[in-house]
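Note that the coordinates shown come from a computational prediction; the quantities given were computed from them, not determined experimentally. In this chain, numbering begins with 1 at the start of the sequence shown.
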Amino acid sequence: MSVTVEASKTSELAVPSARGVKKKERELPYRKRGSFNLEKPTLGVLVLKYVALIGVLLLCVGPFVWQLSTSFKGKTEDLYTFPPTLIPQHPTLDAYGEVMRTIPVFNYAWHSLLVGVATVVSNCVFALLAGYVISCMSFKGKALVLGLILSTMLLPGEVTLTSQYLTIKSLGFSNSLIGVFLPGAIGALNVLLMATACRTIPKEILDAAVIDGTNTWQRLWHIVWPNVKGMVSVVALMSFIGAWDDFLWPLVVLSDPAKYTLTVGMQYLASNQTLGTDPRVVAAGTVIALLPIIALFAFTQRFFFAGVETGAVKG
């Protein structure tokens, strides 16, 4: 009996202290357990943030909205009125029909798709292998290899344009889609991204797999790949967008108009003496070239941002 009474008294004394602690925690509305003490933002800070976001939105989306509006406007509408009118008064698809009649859009888009898919596959495979070697394996000259990879990022693409063209020509791939694909088969930035993702895998896990008798390919498939899939999606999306939007290199390599990619083919609209004076047709071609990228990013953005945020090993 005495033990029960003492226990009840102890619990009665402990309850108010616990309630007091919870009450103190509730007094901090912007703080959670284990988090930083964040103060409530003032009205001026909120207004400044939204103004900055709106400004960035106008700079990024404004040109595309202008091109989209121009492509739907008729020939009788003035494109240069001030303030500008984004909603066409007489919307029409004549500019898109003119683009279809002038160049083989679907053939050019198919060529860009082939180059883009090949670039995605090669970058994902080779960047993963190179990133694993740099981060998880020990060998002589690792610092030199990493330095050489970093040095290639310091040079602009125009510096190596001539040497790349001479190499492709000597291999017999000039004026071909293979010649367009080869220089972008693997990117230095993608290798560094995969190396960063592989570096987050604890070395103890890989050492345990080695003790269990696994070979390199088994470790890649069963340990490395499940933990870097998010970063692979980032590499894949960036590689496809880069290959689809590339203009200078396909223009240098390809000389046959029948083998043009979409971006090079759209340039014909601006250089054509008849159509180049009509900004509606040029705007329609620009929208056609951008729509696949916008649709791709809209459907894969959750994988992209999830891949950027990943890094820890789940267990």
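Side-chain heavy atoms closer than 4.5 Å link hydrophobic residues (I, L, V, M, F, W, Y) into clusters, and following such links, even through other members, never connects I205 to V210. Under the 4.5 Å side-chain heavy-atom criterion for Ile, Leu, Val, Met, Phe, Trp and Tyr, F106 and I288 are members of the same hydrophobic cluster. A chain of hydrophobic side-chain contacts below 4.5 Å, direct or via other Ile, Leu, Val, Met, Phe, Trp or Tyr residues, connects V287 to L93. Side-chain heavy atoms closer than 4.5 Å link hydrophobic residues (I, L, V, M, F, W, Y) into clusters, and following such links, possibly through other members, connects V191 to F139. The same ILVMFWY cluster, assembled from side-chain heavy atoms under 4.5 Å apart, contains both W217 and W221.
Atom CH2 of W110 has 12 or fewer neighbouring heavy atoms from other residues, nucleotides or ligands inside a 6.0 Å radius. With a 6.0 Å radius and a threshold of 12 heavy atoms from other residues, nucleotides or ligands, L154 has its CG atom above the threshold.
Residues I149 and I134 form a side-chain contact, since some pair of their non-hydrogen atoms from C-beta on lies under 4.5 Å apart. Inter-residue side-chain proximity for M153 and L192 is flagged as met; some heavy-atom pair is nearer than 4.5 Å. Under the 4.5 Å side-chain criterion, counting only non-hydrogen atoms from C-beta, S71 is in contact with Y96. Looking at heavy atoms from C-beta onward, Q164 lies out of side-chain contact with T167 at the 4.5 angstrom threshold. At least one side-chain heavy atom of L86 sits under 4.5 Å from a side-chain heavy atom of W66. Counting only heavy atoms from C-beta outward, the side chains of L237 and L296 approach each other to under 4.5 Å.
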**OP:** Mind running side chain to side chain contact (heavy atoms under 4.5 Å, CB included) on I293 and F240 for me, showing each step along the way?
**Re:** CA-CA 9 Å; I293 294 297; F240 185 84; 4.1 Å; yes
Original post:
Hey, mind stepping through D94 and R280 against side chain to side chain contact (heavy atoms under 4.5 Å, CB included) and telling me if it holds?
Top reply: CA-CA 9 Å; D94 292 343; R280 299 168 183 84; over 6 Å; no
Original post:
Which is it for M231 and V234 under the side chain to side chain contact (heavy atoms under 4.5 Å, CB included) test, yes or no, and what are the steps along the way?
Top reply: CA-CA 5 Å; M231 189 59 71; V234 175; 4.2 Å; yes
**OP:** Please step through side chain to side chain contact (heavy atoms under 4.5 Å, CB included) for the pair L148 and T152, ending with a clear verdict.
**Re:** CA-CA 7 Å; L148 291 175; T152 59; 5.9 Å; no
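The backbone N or O of G187 lies less than 3.5 Å from a partner atom in the side chain of N123, making a donor-acceptor pair. In terms of modelled atom types and a separation under 3.5 Å, the side chain of Q218 and the main chain of N215 share a donor-acceptor contact. With hydrogens and angles disregarded, no donor-acceptor distance shorter than 3.5 Å links the side chain of R219 to the backbone of L206. Distance alone, capped at 3.5 Å, places no donor-acceptor pair between the T261 side chain and the S112 backbone. K203 contributes no side-chain N or O that, together with a main-chain N or O of C136, makes up a donor-acceptor pair within less than 3.5 Å. Counting only distance, with no hydrogens or angles, the side chain of S135 and the backbone of A195 share a donor-acceptor pair below 3.5 Å. A donor-acceptor pair under 3.5 Å links the side-chain atoms of S122 to the main chain of T119, judged by distance alone. Here the side chain of K142 pairs no donor or acceptor atom with the backbone of V133 at under 3.5 angstrom. One N or O on the side chain of E77 and one on the backbone of Q89 form a donor-acceptor pair closer than 3.5 Å. Here the side chain of K259 pairs a donor or acceptor atom with the backbone of N175 at under 3.5 angstrom.
The structure places CD1 of I241 at 13.0 Å from CG of D246, a figure rounded to the nearest 0.5 Å. To the nearest 0.5 Å, atom CE of residue M238 and atom CG of residue L189 are 5.0 Å apart. Rounding to the nearest 0.5 Å gives a distance of 13.0 Å between NE2 of H222 and CG of N227. Atoms CG and OG, from L254 and S174 in turn, are 9.5 Å apart once rounded to the nearest 0.5 Å. Here the straight-line distance linking atom CD1 of I186 with atom SG of C124 works out to 10.5 Å at 0.5 Å rounding.
Under the 30°/60° scheme for interplanar angles, the aromatic rings of Y108 and H111 are found to be tilted. Between Y165 and W249, the angle of the ring planes goes over 60°, which puts this pair in the perpendicular group of the 30/60° scheme.
Looking at every heavy atom in both residues, T216 comes nearest to Y132 through CG2-CE2, 3.8 Å. Between S69 and T85, the shortest heavy-atom contact is OG-O, 3.7 Å. Between G74 and T92, the closest heavy-atom pair is CA-CG2, 3.8 Å. Nearest heavy atoms, I103 versus M266: CD1-SD, 3.7 Å. For the residue pair V224 and I201, the shortest heavy atom distance occurs at CA-CD1, 3.7 Å. Listed here is the closest heavy atom pair of M194 and V232: CE-CG2, 3.6 Å.
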